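Just below is one structure, and these are the notes that go with it.
In what follows, residues are counted from 1 in the order of the sequence shown. Model, not experiment: these values are computed from the prediction. Hydrogens, waters and symmetry mates play no part in the numbers below; they use all other heavy atoms, side chains included.
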Amino acid sequence: MLTTPVLATNINLTGYKLTFDEEFNKLSVSQSGTTTTWADIRPSSRFDANSDIGFGASSFLDTASGYNPFSVSNGALTITGVPYTVKFGYPGSWQSGLIHTAGTFVQTYGYFEMRAKFNSVPGTWPAFWLLPVTTLHPAGRDASLWQELDVVEQYGSYTQGVYSNIHTTEPAPAGVMWNFFSSHPEIASGYHTYGMDWEPKTITFYVDGVLMGSKPTPDDMTGPMYMLVDLARDTPYKASAAAMSMNVDYVRAFSNSASAVAVRQDTISAPDGNDPGLYGATAANALPPDKLTLNMYEDAYKGDCQFTVSVDGVEIGGVLTTTGTKTAPQNFTLPAVLAKGTHKISVKFLNDLYAGTPSTDRNLYVQSILVDGIQRYGSAALYSNGSQTYNVTVP
């Protein structure tokens, strides 16, 4: 029975080695990555001599195209995207940049983190993600599916937060994609850290060191993967549109494997003057998590009530079980980062049971919903399986 989920405000990397460190004190990018840290064209996605076909409404260009999407200044990489201007790339697409480590760095399991600054320009689609060296298609599964770990994706016109995803071939009930949404009003201003701890049994996502969600590691995600950073466009070309950009302070990877080879930490030069330390998960200025508390009780009949909780459509905390009573309700405190405004808090009753009389009826009750100790919603009852959604406003 889970009643008080652990909130990881500091990621413990004791025993881990720093295995990849890019502080962007210089630009080290080429088409192949043969003599550089990063490559900017994926061989399987090459469109022409100097571009990667991209995705969304984007092409990713190498500097030989006549357009350079990359620049480094004050310890940060800037990727800039513009409407179509040169002959390389898909005609009419946005011209931007992608970098990857397929030929220079791969790793199985570990903690991966990027510190970056996004913006609120509509149409921007920055991301930090991992792809497998070898995509697996287990027998009997949908051949159109693949493995992918999205540490963070952000959409410029949606400033309320960011997304993290797990793509897998695993069939239901695990699903083909798991999604976590982090509600951060500060995302579109300033630098933030985005981390993922990929281990043999679990995959866990963090924003500024705050736990966003965790899922069991899919059975097809056990081999080496490489890292990608890109700025794509999710809306079509417009000649009058402004340039888009993203800024990356660093990209780092850690491993606790006995065979992992440690690398030397490069000189840290935070572009905003705010050095978060060896890894941002321990930053003293990490955004504090909100505490979403639900006071729950039940009419128990042949077992206790089980339920899940979702915030703005994303489940948090897993399956919960209450033994609370009306006179002694049970408190469930879950980690959440809630922006100002109205949020949809959903409670899903999982195991209703009714045998025809009031005394042979299993029911679930929400006595109150609190955010940071302040009540934001009153009582409600769930008499049958399914979800009920409550609008909770954070001033």
Side-chain angles (χ1 to χ4, degrees), residues 1-8 166 170-183 201-202 204-205 211-216 218 289-339 341-395:
M1 179 174 66
L2 178 63
T3 57
T4 53
V6 176
L7 175 62
I166 301 173
E170 274 199 8
V176 298
M177 183 180 76
W178 290 310
N179 171 272
F180 297 100
F181 172 68
S182 163
S183 177
K201 293 185 178 180
T202 57
T204 308
F205 296 93
L211 174 67
M212 290 296 110
S214 183
K215 284 287 186 179
D290 293 303
K291 293 181 179 180
L292 176 66
T293 301
L294 292 88
N295 297 324
M296 309 292 296
Y297 65 95
E298 65 173 346
D299 292 332
Y301 172 62
K302 292 187 176 182
D304 296 312
C305 291
Q306 294 183 327
F307 63 99
T308 59
V309 178
S310 297
V311 177
D312 295 327
V314 178
E315 182 183 314
I316 60 174
V319 176
L320 308 173
T321 303
T322 184
T323 57
T325 64
K326 186 174 183 179
T327 56
Q330 189 172 5
N331 294 339
F332 294 81
T333 299
L334 307 173
V337 181
L338 301 172
T342 300
H343 299 272
K344 295 184 181 299
I345 311 298
S346 298
V347 176
K348 185 177 183 179
F349 190 11
L350 300 177
N351 63 335
D352 179 42
L353 184 62
Y354 179 61
T357 70
S359 62
T360 58
D361 188 10
R362 185 185 299 159
N363 299 309
L364 179 65
Y365 302 91
V366 181
Q367 186 183 70
S368 59
I369 299 176
L370 302 86
V371 177
D372 295 332
I374 300 175
Q375 183 170 326
R376 300 297 182 188
Y377 195 90
S379 60
L382 292 86
Y383 296 118
S384 60
N385 284 341
S387 298
Q388 289 196 24
T389 300
Y390 316 103
N391 291 324
V392 174
T393 300
V394 178

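Between the CG atom in L370 and the CD atom in Q375 there is a gap of 5.5 Å [rounded to 0.5 Å]. Atom CG in D361 sits 9.5 Å away from atom OH in Y301 (nearest 0.5 Å). Separating the CG atom in N391 from the CZ atom in R376 is a distance of 14.0 Å, to the nearest 0.5 Å. In this structure, the separation between CG on L294 and OG1 on T333 is 8.5 Å, given to the nearest 0.5 Å. Rounding to the nearest 0.5 Å places OG of S368 at 12.5 Å from CD1 of I374. Between the CD atom of E298 and the CG atom of L364 there is a distance of 8.0 Å, given to the nearest 0.5 Å.
In plain terms, the two heavy atoms of I166 and P218 that are nearest each other are CG2-CG, 3.9 Å. P329 and T327 make their closest contact through CD-C, 3.6 Å (heavy atoms, listed as atom of the first residue, atom of the second, distance).
Between the R362 side chain and the K302 main chain, a donor and an acceptor come within less than 3.5 Å of each other. Using a distance-only test at 3.5 Å, with no hydrogens or angles considered, no donor-acceptor pair links the side chain of N331 to the main chain of N295.
Side-chain atoms of Q330 and T322 form a donor-acceptor pair, as typed in the model, at a separation below 3.5 Å.
Scanning for side chain to side chain donor-acceptor pair (under 3.5 Å) contacts around S379 gives an empty result, with sequence neighbours left out. With sequence neighbours excluded, no residue forms a side chain to side chain donor-acceptor pair (under 3.5 Å) with T308. In this structure, the side chain to side chain donor-acceptor pair (under 3.5 Å) partners of D299, at least two apart in sequence or on a different chain, are N363, Y365. Residues passing the ring pair (Phe, Tyr, Trp, His ring centres under 6.0 Å) test with Y390 are Y377, sequence neighbours excluded. In terms of the side chain to side chain donor-acceptor pair (under 3.5 Å) criterion, S310 has no residue partners (sequence neighbours excluded).
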_Would I316 and L292 count as a side chain to side chain contact (heavy atoms under 4.5 Å, CB included) here? Give the steps._
CA-CA 10 Å; I316 60 174; L292 176 66; 4.2 Å; yes
*Audit row: K215, T202, side chain to side chain contact (heavy atoms under 4.5 Å, CB included) steps and yes/no*: CA-CA 6 Å; K215 284 287 186 179; T202 57; over 6 Å; no
Side chains of residues 345-352: which donor-acceptor pairs under 3.5 Å do they make with residues two or more places apart or in other chains?
unit_1: S346; atom_1: OG; unit_2: T389; atom_2: OG1; d: 2.7
unit_1: N351; atom_1: OD1; unit_2: Q306; atom_2: N; d: 2.8
unit_1: N351; atom_1: ND2; unit_2: D304; atom_2: O; d: 2.9

